[in-house]
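First comes the structure, then the notes that go with it.
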Amino acid sequence: SKTNVEVYRDGLKLVREAAGEDVFLLGCNIAQNMRTLGASIGLVDGMRIGRDIGEDWAKILPAAQMGTRLYFLHGRVWQNDPDCLLLCRPLTLDQARAWASWIALTGQLNVVSEWLPELPKEQRDMLKRTLPNHGRHARPLDLFERDFPQIWHLPIDQAGLHWDLVGLFNWDAENAAALEIDLERLGLAEGSYVAFDYWDGKYLGAASRKQVIEVRPSACRILALHRALDHPQIVSTSRHVTQGAVDLLDVVWDAERKVLSGVSRLVADDPYLLRVHVPEGWTLDKAACVAEGGEALKVEISGDGACKNVGFVRTATTGQAEWYITCSGG
């Protein structure tokens, strides 16, 4: 007397009841079709929304494609699971970085499926820079323009700052791509903005209202866009691909004292960089940092041009650290 969907939901309700509300239930072995996908709504915390992947770019593409088409379910109906994060050969470093960055930027489930003790240093660093999950919701700007969207937007409000993260993904393994960033389409008002390229570790300077960015085959570029201010400002950090969303806790500019200060969440033994845009006529004079427990960290200011690196390392334990940078000029 019941339909297949009714019987299915009865069974899933039993699993949910037995597991309890404090258990994260992932619909991982549910067939990826719209009948059982839709019939699971309200009964699972996470859902596989694509095929199995492998250490093969051709197998990663369908997972990213379904995660893009069904992005609107993530964080609203459940946590999307596009399948696991794989990084090793025969994937190239560019391909591994693109897959890791796409999972991190979109905020979907980041389930690592690698034997960590034997993971090469470069790939291990990708894990460090894409974990933990930021808990926000990105969207593909060109969803209805391309069969496989390439431009993702993630607005971030954190530590008293606002910035816009733009992910550019070239899914073509053979040809480079020229992708346009349109500030108006990002909802950015008139004014000057500056950009920082995370993986290349480069300050790109002033962003044009419309700007074409080159992306290598099967690669990505993750850019942070900040409205340009008339005093030194944080434009990126090194810990995470979101460039501050998981580590910056507070940032304050004291105009009277000309001091830029803040609080960051650091990982033990992981070198940490604040990237500071220094407008013309300003200089960074000195910086200091004190970790929880009173540990004074050695601070170094480096870099040429309009963007400086302020670096320090917390060696004792993972935790917070207070820093300040005294400036002159203006």
Side-chain angles (χ1 to χ4, degrees), residues 4-5 8-9 11-13 15-16 24-87 95-113 130-156 164-173 177 179 185-187 218 220 222 241-242 245:
N4 290 345
V5 168
Y8 169 79
R9 283 187 66 81
L12 195 52
K13 287 176 183 176
V15 174
R16 174 81 274 176
F24 188 95
L25 189 59
L26 174 63
C28 187
N29 292 325
I30 295 170
Q32 282 90 47
N33 59 66
M34 296 313 294
R35 184 176 64 178
T36 49
L37 194 81
S40 304
I41 289 176
L43 297 173
V44 295
D45 302 293
M47 173 64 81
R48 270 289 301 281
I49 42 80
R51 309 179 208 168
D52 292 339
I53 73 163
E55 292 167 339
D56 182 326
W57 188 243
K59 292 183 178 179
I60 284 175
L61 293 181
Q65 189 172 47
M66 289 306 297
T68 300
R69 291 176 178 175
L70 299 178
Y71 88 96
F72 58 90
L73 297 174
H74 176 66
R76 299 170 178 86
V77 175
W78 48 49
Q79 302 297 307
N80 277 0
D81 174 14
D83 207 7
C84 56
L85 176 58
L86 295 172
L87 300 169
Q95 290 170 344
R97 186 176 291 136
W99 180 226
S101 298
W102 182 87
I103 291 176
L105 179 63
T106 63
Q108 300 184 51
L109 283 188
N110 197 341
V111 182
V112 180
S113 186
T130 54
L131 290 168
N133 195 302
H134 54 71
R136 296 169 175 82
H137 307 120
R139 68 186 181 97
L141 291 184
D142 51 343
L143 180 63
F144 298 109
E145 299 170 13
R146 297 183 174 98
D147 184 52
F148 209 148
Q150 296 175 284
I151 305 173
W152 283 79
H153 177 215
L154 177 65
I156 299 175
D164 291 83
L165 212 65
V166 179
L168 305 175
F169 297 89
N170 181 8
W171 304 109
D172 189 331
L179 303 179
R185 194 170 184 187
L186 293 171
S218 60
C220 73
I222 309 297
V241 70
T242 54

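It should be emphasised that the depicted structure is a prediction, and the values quoted were computed from it without experimental measurement.
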- Query: Would you find a donor on one side and an acceptor on the other, under 3.5 Å apart, between the side chain of Asp83 and the backbone of Ala63?
  - Reply: no
- Message: Using the rule given for side-chain contact (heavy atoms from CB on, under 4.5 Å), can you reason through Thr130 versus Ile103, listing the C-alpha separation, both sets of side-chain angles and the distance that settles it, and then say yes or no?
- Response: CA-CA 8 Å; Thr130 54; Ile103 291 176; over 6 Å; no
- Which atom of Leu109 lies closest to which atom of Pro82, heavy atoms considered: O-CD, 3.8 Å
- Query: Which pair of heavy atoms, one from Ala39 and one from Val5, lies closest together, and at what distance?
  - Reply: CB-CG1, 3.7 Å
- From SG (Cys28) to CG (Asp52), nearest 0.5 Å: 7.5 Å
- Message: A side-chain contact here means heavy atoms from C-beta on lying under 4.5 Å apart; do Arg69 and Ile49 qualify?
- Response: no
- Hey, mind stepping through Asn80 and Phe72 against side-chain contact (heavy atoms from CB on, under 4.5 Å) and telling me if it holds? CA-CA 9 Å; Asn80 277 0; Phe72 58 90; over 6 Å; no
- Is there side-chain contact between Asn170 and Leu168, with at least one heavy-atom pair below 4.5 Å? no
- To the nearest 0.5 Å, how far apart are CH2 in Trp57 and CG in Asp172? 10.0 Å
- May I have the step-by-step check of side-chain contact (heavy atoms from CB on, under 4.5 Å) for Asp147 and Gln65, ending in yes or no? CA-CA 9 Å; Asp147 184 52; Gln65 189 172 47; 3.2 Å; yes
- Query: Closest approach of Leu25 and Arg16, non-hydrogen atoms and distance?
  - Reply: CB-NH1, 3.6 Å
- Near Phe24 CZ, under 6.0 Å, is it more than 12 heavy atoms from other residues, nucleotides or ligands? yes
- Query: Taking Arg48 for the side chain and Leu26 for the main chain, is one N or O donor matched with an acceptor at less than 3.5 Å?
  - Reply: no
- What is the ring orientation for Tyr71 with Trp152, classed by angle as parallel under 30°, tilted 30 to 60°, or perpendicular over 60°? perpendicular
- Tightest non-hydrogen contact, residues Asp142 and Pro149, listed as OD1-CB, 3.3 Å
- Nearest 0.5 Å, what's the OG1-CH2 distance between Thr68 and Trp171? 6.0 Å
- Please step through side-chain contact (heavy atoms from CB on, under 4.5 Å) for the pair Cys84 and Leu86, ending with a clear verdict. CA-CA 6 Å; Cys84 56; Leu86 295 172; 4.0 Å; yes
- NE2/His137 to NE2/His153 distance, rounded to the nearest 0.5 angstrom? 14.5 Å
- Within the distance-only criterion (no hydrogens, no angle test), does the side chain of Trp99 pair as donor or acceptor with the backbone N or O of Leu61 below 3.5 angstrom? no
- Item | Any side-chain heavy-atom pair of Leu105 and Leu165 under 4.5 Å | yes
- Message: For the backbone of His74 and the side chain of Arg76, can you confirm whether one donor and one acceptor N or O come within less than 3.5 Å of each other?
- Response: yes
- Task: Report the distance from atom CG of Leu85 to atom CH2 of Trp102, rounding to the nearest 0.5 Å.
- Result: 11.5 Å
- Closest non-hydrogen contact found for Pro155 with Asp164 is CB-OD2, 3.8 Å
- Minimal non-hydrogen separation, His134 against Ala104, with atom names: NE2-O, 2.8 Å
- Side-chain (Arg136) to main-chain (Leu154) donor-acceptor, under 3.5 angstrom: no
